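Taking it in order: structure first as structure tokens, then the write-up.
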Amino acid sequence: MPLEKRYDPKTIEPQLQTFWELAGIYRFVPGDERPVFSIDTPPPTVSGNLHLGHTYSYTHADVFARFHRMRGENVFYPMGFDDNGLPTERLVESQLGITAAEIGRSAFIAKCLQVSEELEQDYQNLWQRLGLSIDWDYTYRTIDECSRKTSQRSFIDLFQEGLVYRQEAPSIWCPSCRTAIAQADVDDLERESQLVTLAFHLENGESLPIATTRPELLPACVAIFVHPGDERYQDIFGQRVNVPIFDQQVTVLQDPMADPEKGSGAVMCCTFGDTVDKHWWYTHQLDHVNAIDQQGNLTEVAGDFAGLSVKKARQAILDTLDQQEYILDRQPTTQIVPVHERCDTPVEYIMSQQWFIRLLDFKEEMLAAGDQIKWHPAHMKARYLTWVENLAWDWCISRQRYFGVPFPLWYCQECGEVILADLEKLPVDPSEDHPNEPCSCGSRKFKPDEDILDTWATSSMSPQIVGRWLCDDDLYQQVYPFSLRPQAHEIIRTWAFYTIAKSHFHFKQVPWNAVAISGWGIAGEGMGKISKSRGGGPSPPLEMIDRYSADAVRYWATSTSMGKDTVISEEKIQIGTKLTTKLWNVARFSERFLEDFDASHGVDKYSIAGINGEHLSPADRWILSRSQRLVRRVSLLLENYDYAAAKSEIENFFWREFADNYLEMCKQRLYGEDMVQREAARAALYHLLLTIIKLLAPFLPYVTEAIFQGIFVKYEPSQSEDVRSIHTSSWPEVNNNLEDDFAELVGETLVEIAVSVRRFKSENGMALGTDIQRLQLSADDDQLAAQLERASSDLISITRAREIDVGNHLDQTLTILLDTRKIKAAIEL
RNA sequence: GGGCGGUUAGCUCAGCUGGUUAGAGCGUUGCGUUGACAUCGCAAAGGCCGUUGGUUCGAGUCCAAUACCGCCCACCA
């Protein structure tokens, strides 16, 4: 079936998508002898707000998958959805306007399952429409049974290795989400604040000025610290001080972490205002006063202020301090406060009992693991290493929430012993199940652990979940360690780091050979324009795909290199549309010369080996040589995950060298009567078009497939490659015999001549198709001159000269077009 | 405060291990039915490659300092 005059992606893309699904083009073949390329796909957090930015990093991973598949590798490219834990709960709460506390735990979990499942269908639709070459037989949800089982198994294994522990300790707490969180869940937020200097009174009645931004923590003040070398405070070391309003007596202590430069140099230590307080509390064995409860309100120790929120209490206490004339100074200040990244609520440090995974003892191992992985771009490794170096807390994995993977354990009500679930029974819900055996103390009374695991504690097992670690060892052995982890940069410290940590703890190896870090597709000015046209919302990706094409969106997504953020640009998408149109038109042009070939040997007929070099024109030799170098370069770039440079090289070659120049040079032979010349041109054309669409197939899977199906796969099957689809066909190989420096020099000369003639016509207002009488050329180099002679058909074709005349010198009466050391050219009109 | 990335044509960006007149797309201007393509083609204009030093026969490309922009990290009184 000949190619349609106009390429209509809106109808063709969905057809091809269906074809790929039905034909199983992207199936992973377990047990196959080909080398495996396995991808640890990021399970997107199901957030319910899909925008074009989501397509950005996922396109990158797909390009790699397609490249490796065409390279002959058995590509394992699964998909997952991260739908357990706090992010999903927050979504459900905001979307349905309910809270778990209101409707009860089990009803809430049911809502979470329902909402996330509906949204996941949207994600899947988008991924399929975008053309991601995922094998949908391998999908997972981080809340599904296999994930829960894997996650609980991980916990039990680590427990038995002594790598997890439960401890009553100051923990990072989000008063809004009402749960403990981990260091990695904390972000910085700048806000306006007030630094007030208060007068604390020593026993002798003297006043000690102390600055604070958190006066509401006064009831929890347990000590005052000064620097040991601070001259001002040598005398008061060890003295007792009265805390304003609350009147408890605390001691002045010394510690090098007290900075004489800050505030008055004397600082109050409260349990707990920040991590330094925690440090001092621990190292100086101070008392613990809990002033803030789990809802973020002041406790009874705050007396009249009990029950007030932190914010209200701060103001009320300030007012009282003011009335009682404790305030020496007030300074407005911008302060950086740690907040919970999910809700931007300032965190508190609250004493509570939590489960932790040991990290601080393993920093060296984690750093070494980072060095064993290839990072793309390389500088992203620095973020990982910095994070590991600065770790200050073990990994708090317990969350006081509802929707997630439960801890697989109970506590004995008699002796407090931890009873783990049986491995065979995983996954368990300890609230519904119970232990098989009585506790070693003989008791049969158990209390289930009611917390859930940090969502990262599960998603950090993604290689094990998707590789079916616990239920399909053959598969797992084939895919693990994974070839590639693609992900975005903001989750280096969470997903990447935790996955590396888990892999180290469980298997003493790194989870992947390489990690490819994508940037973000972010809303920019272009988005404003887009959103305006549809009433203000962000641009929905399916709408953009419908308006332009999946290929065009992918073109935009692969235009900025690995690791870089990029603005969502409708303009860039439009350029992608132009490229697909150009490809289509080139293919339609080529089709008429290729369709009557005796191609009974399938696509191999015009493989490079079949080209008879004797009859190739200089233009053929030039473009064939250039194409070999292109294949070499693009392959290397893609091996190194540099999709943007690869795409740009192919695009330039295709548009500037092949379409603008080569096609114009070979037309005369294609249309001409000389069958020998015609066959040579057709062979070159066949090879080049096939090479170009293959190279572009990872980027523009739809239009290249449409061309491949329309022109190259209407013959019998090839013996050497799977030509059901361009995406299972073989990646182009470099043919050294076609690489030829001299041919390239000749080709460049031909282009120079063509450009000079075009410029002449353009400057003289002539149409490009205008015939010229004679083109006279002269080259000092005899070999070059001989090639120019041989290229007369190429030159006539592109310049429309009636006659090409190659001689030793130019006729001075003619118009000189070019005069360089290499080549001189003149025309006669 | 420490670290990383960026600073190249009006805009968005390429420029690999330093080497002839610095590239592309968009935009601008002019011209044009080349027997595939007007969702096009051809051509033109447009840059002291952030600043200042240094290394070198030669630097956008290496080194140092510096200024902005962005990000990561840090104990944020």
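In the text below, chain A, chain B and the rest are named by the order of the sequence lines, each starting its count at 1. FYI, side chains are in, hydrogens and waters are out, and symmetry mates aren't considered; it's all heavy atoms of this structure. Everything numeric in this text was worked out from a predicted model, so none of it was measured.
- Checking B/U33, B/C26, B/C37 against every side-chain atom of A/Ala767, the shortest atom distance belongs to B/U33.
- Considering only the side chain of A/Glu664, B/U34 comes nearest among B/U34, B/C40, B/C72.
- Here the separation of B/U17 from B/U34, taken at their P atoms, is 44 Å to the nearest Å.
- Rounded to a whole angstrom, the distance from the P atom of B/G35 to that of B/C49 is 44 Å.
- Between the NZ atom of A/Lys822 and the C1' atom of B/U20 there is a distance of 13 Å, rounded to whole Å.
- No side-chain heavy atom of A/Tyr548 sits less than 4.5 Å from a side-chain heavy atom of A/Trp556.
- One P atom belongs to B/A45, the other to B/C37, and the distance between them is 30 Å to the nearest Å.
- Going from atom CE of A/Met562 over to atom P of B/G5 covers 17 Å, rounded to whole Å.
- Atom C1' of B/G5 sits at a distance of 27 Å from the matching atom of B/C75, rounded to the whole Å.
- For B/C75, neither phosphate oxygen OP1 nor OP2 lies less than 4.0 angstrom from any side-chain nitrogen or oxygen of A/Gln335.
- Distance, A/Lys262 NZ to B/A74 C1': 10 Å, rounded to whole Å.
- Note on A/Lys381: every side-chain N or O is 4.0 Å or more away from OP1 and OP2 of B/C4.
- At B/C72, none of the side-chain N or O atoms of A/Arg493 fall inside 4.0 Å of OP1 or OP2 (strictly under the cut-off).
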Filtered N/O pairs between nucleotides 42-46 of chain B and protein, under 3.5 Å:
from  : atom 1 : to       : atom 2 : distance (Å)
B/C42 : OP1    : A/Asp660 : OD1    : 3.0
B/C42 : OP1    : A/Asp660 : OD2    : 2.7
B/A44 : OP1    : A/Arg759 : NE     : 3.1

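- In this structure, A/Lys572 is not positioned above the aromatic face of A/Tyr555 in the sense of NZ or CZ being under 6.0 Å from the six-membered ring centre and within 45° of the axis.
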> Can you check salt bridge (Lys or Arg N to Asp or Glu O under 4.0 Å) on A/Arg802 and A/Asp771, steps first, answer last?
Replying inline: CA-CA 7 Å; A/Arg802 295 213 175 87; A/Asp771 280 1; 3.5 Å; yes

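- The separation between A/Phe658 atom CZ and B/G41 atom P is 15 Å, rounded to whole Å.
- For the residue pair A/Arg669 / A/Ser617, a side-chain donor-acceptor distance below 3.5 Å is found, with atom types taken as modelled.
- Closest approach to the A/Arg800 side chain among B/A74, B/U34, B/C37 is made by B/U34 (side chain taken as heavy atoms from C-beta onward).
- Out of B/C73, B/C26, B/C40, the shortest distance to the side chain of A/Asn390 is found at B/C73.
- Separating the C1' atom of B/U33 from that of B/C69 is a span of 48 Å, rounded to the nearest Å.
- The distance between the ring centers of A/Tyr349 and A/Trp173 does not fall below 6.0 angstrom.
- Crowding of A/Lys363 atom NZ: a count of heavy atoms from other residues, nucleotides or ligands under 6.0 Å exceeding 12.
- Atom name C1', nucleotides B/G30 and B/C62: the rounded distance is 43 Å, in whole Å.
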Report, one pair per line, the protein and nucleotides 13-19 of chain B atoms (nitrogen or oxygen only) whose separation is under 3.5 Å.
from  : atom 1 : to       : atom 2 : distance (Å)
B/A14 : OP1    : A/Lys564 : NZ     : 2.2

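- For the pair A/Asp565 and A/His489, the minimum side-chain heavy-atom distance is below 4.5 Å.
- Here the side chain of A/Lys578 is nearest to one of B/C72, B/U34, B/C40, namely B/C40.
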>> Could you go through A/Glu570 and A/Arg547, starting from their C-alpha distance and side-chain angles, then the distance that decides it, and tell me whether this counts as salt bridge (Lys or Arg N to Asp or Glu O under 4.0 Å)?
In response: CA-CA 11 Å; A/Glu570 190 161 4; A/Arg547 192 183 313 165; 2.9 Å; yes

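- The gap from the P atom of B/U7 to that of B/G46 amounts to 24 Å, rounded to the nearest Å.
- Taking the C1' atom of each, B/C13 and B/U55 are spaced 30 Å apart, rounded to whole Å.
- Few gaps surround CH2 on A/Trp393; more than 12 heavy atoms of other groups in view lie less than 6.0 Å from it.
- Cation-pi geometry between A/Lys374 and A/Tyr641 is not met: the NZ or CZ atom fails to fall both under 6.0 Å from the ring centre and inside 45° of the normal.
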